[in-house]
Amino acid sequence: MTGLLLAAAPDAATTSETSPAPAEQPAEKKICRREIETGSLIKGKKICYTAKQWQKLSDATRDEIESRSSSGSMSGK
C-alpha cells in the first residue's frame, strides 16, 4: 500500500505546481460604482472599471471642467 501512495505523490505534486501559475497573475481588479439617475433614488446603473480606467476618467472630467471654467462666460454680460 505504501508503494502505491508514493507512486501517486509525484503526479499530484506536478499537477498542483501547474495549477496555481495562472492564478499568480490575476487580471486587474475591477472597481464598481453605482451611478444614480438624476431625480431618482432607485434608477441607476452599475459601472465597473479598473483603477487605471477610473483615474483616466477622473482626469478627463477634471480637464474638461478646467477648460470650460478658464474660457470664461460666453454670454457677454
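Positions are given from 1, in the same order as the sequence printed here. Reckoned from all heavy atoms, side chains included, excluding hydrogens, waters and symmetry mates.
For Asp63, there are no salt bridge (charged side-chain N to carboxylate O under 4.0 Å, His left out) partners two or more places apart in sequence or in a different chain. Contacts of Arg34 classified as side-chain hydrogen bond (donor to acceptor under 3.5 Å, both in side chains), with partners at least two apart in sequence or in another chain: none.
A salt bridge does not link Lys56 to Asp59: none of the charged side-chain nitrogens sits closer than 4.0 Å to a carboxylate oxygen.
In this structure a side-chain-to-backbone donor-acceptor pair under 3.5 Å is present from Ser69 to Ile65.
Thr50 has its side chain within reach of Lys30: a pair of non-hydrogen atoms, C-beta onward, lies under 4.5 Å apart.
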Run the side-chain donor-acceptor check on residues 35-49: report pairs under 3.5 Å with partners two or more places apart or on a different chain.
unit_1 : atom_1 : unit_2 : atom_2 : d
Ser40  : OG     : Ile42  : N      : 3.1
Ser40  : OG     : Lys43  : N      : 2.9

